[in-house]
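Written out below as structure tokens is the structure these notes cover.
These numbers were taken from a predicted model, which means no experiment stands behind them.
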2 protein chains.
Amino acid sequence: MSASTKLSTSVKALCYLERAYPKPVSSSEIAAAIGINSSKLRMILSMLAKNGIVESNSGTTGGFKLKKQPSDIHLQEIYCAIEDRKAFHLDVRKDSIKKNSLPEKLNFYFLDLFAEVQENIEDKMKTISLESIIKKINNN
Amino acid sequence: MSASTKLSTSVKALCYLERAYPKPVSSSEIAAAIGINSSKLRMILSMLAKNGIVESNSGTTGGFKLKKQPSDIHLQEIYCAIEDRKAFHLDVRKDSIKKNSLPEKLNFYFLDLFAEVQENIEDKMKTISLESIIKKINNN
DNA sequence: TTATTTGTTACGGTAAGTGTAACAAATTAT
DNA sequence: ATAATTTGTTACACTTACCGTAACAAATAA
């Protein structure tokens with residue numbers, strides 16, 4: 001699952017949970033509402049649960065519900081919870097490239113550059129809370 | 001071919017051309033030096049040629065050479081020449097999503113957000129010239 | 001004990017990315 | 001003119017990633 005898909009799916013689910021709060025909601029219900037398979041959604045929600053963003057409970061009265069206030073949940077936090085890899089990942093073909101060659105040095109250069117870009121993106125995401133998204137959406 | 005691969009390959013080739021300047025170099029020679037297939041490289045270089053970054057000539061004495069000064073070639077320019085799509089592209093599954101629903105609104109929200117991020121990245125790339133990359137590489 | 005829900009794994013189908021080959025068109029050398 | 005070289009482009013097999021779905025053990029409540 002791609003990073004952007006995971007991120008948007010997460011926010012859709014979290015918005016749904018915010019509306020239902022404090023009632024817990026099952027993955028099936030959320031999945032049907034946002035148009036995704038419930039297994040895939042559970043995969044995402046379980047990661048959010050491990051990172052303390054949502055609470056999950058098994059059983060008849062189980063389901064998911066928000067564990068933090070929307071104003072305290074930021075995009076960067078969500079992103080880190082669901083994705084270990086970076087959004088940008090450079091091709092570093094160590095095969096067929098000589099040590100200390102120009103191509104290798106350029107690979108390192110782009111590795112650094114993309115890491116920097118990645119940091120910029122994460123900084124931006126830190127400034128966006130779930131609450132701000134919900135407010136913006138409601139004004140449309 | 002992914003955007004990051006195209007970009008790094010382009011810069012590798014351009015650095016090679018800068019070193020050989022003003023002698024034209026064949027795609028085979030560059031391809032061997034940077035470890036890529038010559039057909040794929042020609043695909044990239046032809047796009048750079050269409051955008052006035054390099055000059056291409058057929059025939060025995062043909063090949064590629066820089067058409068602009070390294071200080072006048074910027075990453076953003078290269079990126080635009082080789083890639084029409086954006087680096088980030090959101091999943092907008094219009095199927096199974098109702099009109100004016102929360103998920104649809106959130107899709108639009110992320111579409112806007114990612115477009116903004118994209119602009120930030122391009123702004124950053126505008127500040128990086130081929131010359132600055134070459135200087136940085138040579139100091140390592 | 002039964003029913004419900006999470007958490008996780010697996011699998012087939014589809015799309016994207018990679019590496020290579022091939023060949024027409026253009027240009028130069030002989 | 002003819003041959004050789006190089007670009008520009010297309011095609012193809014192979015691999016990898018992605019997407020949608022199903023399945024089932026573990027946990028929990030009725």
(Q) Quick check on contacts: within residues 38-48 of chain A, what sits under 4.0 Å from DNA chain C by heavy-atom distance? (A) A/S39, A/R42, A/M43, A/S46
Q) How long is the line joining CE of A/M1 and C1' of D/dA17, in whole Å? A) 13 Å
(Q) What I'd like to find out is whether the side chain of A/L102 reaches to under 4.5 Å of the side chain of B/R19, using heavy atoms alone. (A) yes
Q: Indicate, with a heavy-atom threshold strictly under 4.0 Å, whether B/S28 touches base, sugar-phosphate, or nothing.
A: nothing
Q. How many Å lie between CG on A/N51 and P on C/dG7, as a whole number?
A. 13 Å
Q) Have B/K12 and A/N107 got a donor and an acceptor in their side chains that come within less than 3.5 Å? A) yes
Taking only N/O atoms, report every protein-nucleotides 28-30 of chain C pair under 3.5 Å with atom names and distance.
| unit_1 | atom_1 | unit_2 | atom_2 | d |
| --- | --- | --- | --- | --- |
| C/dT28 | O2 | B/T60 | OG1 | 3.2 |

**Q.** Distance-minimising heavy-atom pair for A/A13 and A/I34
**A.** N-CD1, 4.2 Å
Q. Counting only side-chain N and O atoms of A/K65, is one of them less than 4.0 Å from OP1 or OP2 of C/dT5?
A. no
Q. Between B/H74 and B/T127, what is the shortest heavy-atom contact and its length?
A. CD2-C, 4.4 Å
Q. Which whole-number value in Å describes the distance from A/N57 CG to C/dT5 P?
A. 12 Å
Q | Rounded distance in Å - CZ (B/F64) to P (C/dT27) | A | 14 Å
Q) In whole angstroms, how far is the C1' atom of C/dT27 from the CD atom of B/E55? A) 14 Å
Q: Quickly work out the B/K6 NZ to C/dA16 C1' distance and round it to whole Å.
A: 12 Å
(Q) Could you check whether B/E77 pairs with B/K126 (Lys NZ or Arg NE/NH1/NH2 to Asp/Glu carboxylate O, under 4.0 Å)? (A) no
Q.
In whole Å, I'd like the distance from the NZ atom of B/K50 to the C1' atom of D/dG8.
A. 8 Å
Q: Determine: side-chain N/O of B/S2 to OP1/OP2 of C/dG17, distance under 4.0 Å, yes or no.
A: no
Q. Whole Å only: how far is the CG atom of B/N37 from the P atom of D/dG8?
A. 15 Å
